[in-house]
Student: 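This is the structure I want to talk about, given as structure tokens.
Naming convention: chains lettered A, B, ... in sequence-line order (proteins, then strands); numbering from 1 in each chain. From a predicted model like this one, the values you see are computed outputs, not experimental measurements.
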There are 2 protein chains.
Amino acid sequence: MSRANPLYLRDADLRNAMELLFFAYRDFTAEPDSILARYGFGRAHHRVIYFVGASPGMAVNDLLGILKITKQSLSRVLSQLLRGDFIEQKTDKTDRRRRLLFLTEKGRELEALISERQSALIARAYREAGADAVAGFCTVLRGLINEQDRNRFPGE
Amino acid sequence: MSRANPLYLRDADLRNAMELLFFAYRDFTAEPDSILARYGFGRAHHRVIYFVGASPGMAVNDLLGILKITKQSLSRVLSQLLRGDFIEQKTDKTDRRRRLLFLTEKGRELEALISERQSALIARAYREAGADAVAGFCTVLRGLINEQDRNRFPGE
DNA sequence: GCATATATGTCAACAAGGCTGACATATTAT
DNA sequence: ATAATATGTCAGCCTTGTTGACATATATGC
């Protein structure tokens, strides 16, 4: 593969990648941030809502592993979402220590509102770039992720 | 282009992109953060060092436009870098209101230390993915960036 | 030349969201 | 019974964003 596509990586190419990541991430999160601000929430709340929405019934520990933050940091955000009735917890029947997380109707609505915007942004970029570019985009991003979490994504 | 490469975007594909961006950015910034912590600095300091290193002699206003933060936020970080002798300012000769920013030797060293790690991470992902994938990666990321800043990057 | 706009800096107060450390409780596993 | 696990909570700290107010130097327009 690397012999079929020999890459002559100049310093400028690598710096280009760093800047693309910075600007893309900056702009990708700008609109969600402004929506969340209307609810008194921040990006941390969105991450929780997003991942709980993607995997309903996940345990608190699973979320900690994804976000890679401390349980104290998560606790603050999670408590606010619980109090605001965006998320609900149910005790796991097979292991009653575990609290399984679900979005409420309200939570699903907020999740959908934000995801719609982000989906639209990505869909536009995807369509403008074409299918081959999209495949490359996913392959490279996947390669930037650590070995463990990389397996969450298809590829190889 | 979109007719040559019709894309059937399922919800799952778009969510996949969101998660790739989250995980890649998380892991891309993890190592720099830990290096910076040894200097008592954070990610904001890195951004300044990075962009000043990339465009020596840029003015404060240019940097504000890139980072999209308030001058008060930048001021705090910039003052620390000036006091710590990582960055120096020179008055613009043609417009003496402007302060042009440069890395000091110390600043260049820190910038290089961090960039080496990030370059290595990107270079590995690039090599594993191949040249075509890299091109696609850049095209899609570029498409996620707002119209103005998009022109900082080659393409089209 | 005077008024206005621009580039920069600074003070103060506040909020989000990271962190550490300590401690508590319920439940499961050994 | 004891130890480990999953979760929660309190307290305090740091970084990095915000707003608002104000100051200074310099450039520009009329």
Student: Are A:Q72 and D:dA11 close enough that a side-chain N or O sits under 4.0 Å from OP1 or OP2?
Tutor: no

Student: Report yes if at least one side-chain N or O of B:R96 is closer than 4.0 Å to OP1 or OP2 of D:dA25; otherwise report no.
Tutor: no

Student: Return the value, rounded to whole Å, for the distance between atom CG of B:L63 and atom C1' of C:dG9.
Tutor: 15 Å

Student: Can you check whether any acceptor in the base of C:dT8 is under 3.5 Å from a donor in the side chain of B:R97, or vice versa?
Tutor: no

Student: If you compare every side-chain N and O of B:H45 against the phosphate oxygens of D:dT16 (OP1, OP2), does one of them come in below 4.0 Å?
Tutor: yes

Student: Evaluate B:Y25 against A:F22 for ring pair (Phe, Tyr, Trp, His ring centres under 6.0 Å), listing each step before the verdict.
Tutor: CA-CA 9 Å; B:Y25 200 78; A:F22 167 74; 7.8 Å; no

Student: Does B:L21 belong to the same Ile/Leu/Val/Met/Phe/Trp/Tyr cluster as A:F153, with side-chain heavy atoms less than 4.5 Å apart forming each link?
Tutor: yes

Student: Between P on C:dA12 and CZ on B:R76, what's the gap in Å once rounded to a whole number?
Tutor: 13 Å

Student: So, OP1 or OP2 of C:dG17: does either fall under 4.0 Å of a side-chain N or O from A:S73?
Tutor: no

Student: Given D:dT26, is OP1 or OP2 found less than 4.0 Å from the side-chain N or O atoms of B:R99?
Tutor: no

Student: Report the distance from atom CG of B:N61 to atom C1' of C:dA5, rounded to the nearest whole Å.
Tutor: 13 Å

Student: What I want to check is whether the side chains of B:T29 and B:R43 have a donor and an acceptor closer together than 3.5 Å.
Tutor: yes

Student: May I have all residue pairs that pass side-chain hydrogen bond (donor to acceptor under 3.5 Å, both in side chains) and include part of residues 105-114 of chain B, sequence neighbours excluded?
Tutor: A:R15-B:E111, B:E105-B:R108, B:E111-B:S115

Student: Write down the distance between CZ (A:F41) and P (C:dG17), rounded to a whole number of angstrom.
Tutor: 10 Å

Student: Yes or no on side-chain contact (heavy atoms from CB on, under 4.5 Å) for A:R97 and A:D92, after CA distance, side-chain angles and deciding distance?
Tutor: CA-CA 7 Å; A:R97 290 172 303 181; A:D92 183 357; over 6 Å; no

Student: To the nearest angstrom, how far is A:R98 atom CZ from D:dG8 atom C1'?
Tutor: 16 Å

Student: How close or far is atom P of D:dT16 from atom CD of B:Q80, stated in whole angstroms?
Tutor: 8 Å

Student: I want to confirm an ordering. Mapping A:D95 and A:R43 to their closest nucleotides on DNA chain C, which one lands closer to the 5' end?
Tutor: A:R43

Student: From C-beta outward on A:T70, which listed nucleotide comes closest to its side chain: C:dT8, C:dA22, C:dT20?
Tutor: C:dT20

Student: Have a look at A:Q89 and say if it touches a base, only the backbone sugar-phosphate, or nothing, with a 4.0 Å heavy-atom cut-off.
Tutor: sugar-phosphate

Student: Calculate the interatomic distance between B:I69 atom CD1 and C:dA15 atom P; express it in whole Å.
Tutor: 20 Å

Student: What is the distance from CZ of A:R26 to C1' of D:dT16, rounded to the nearest Å?
Tutor: 17 Å

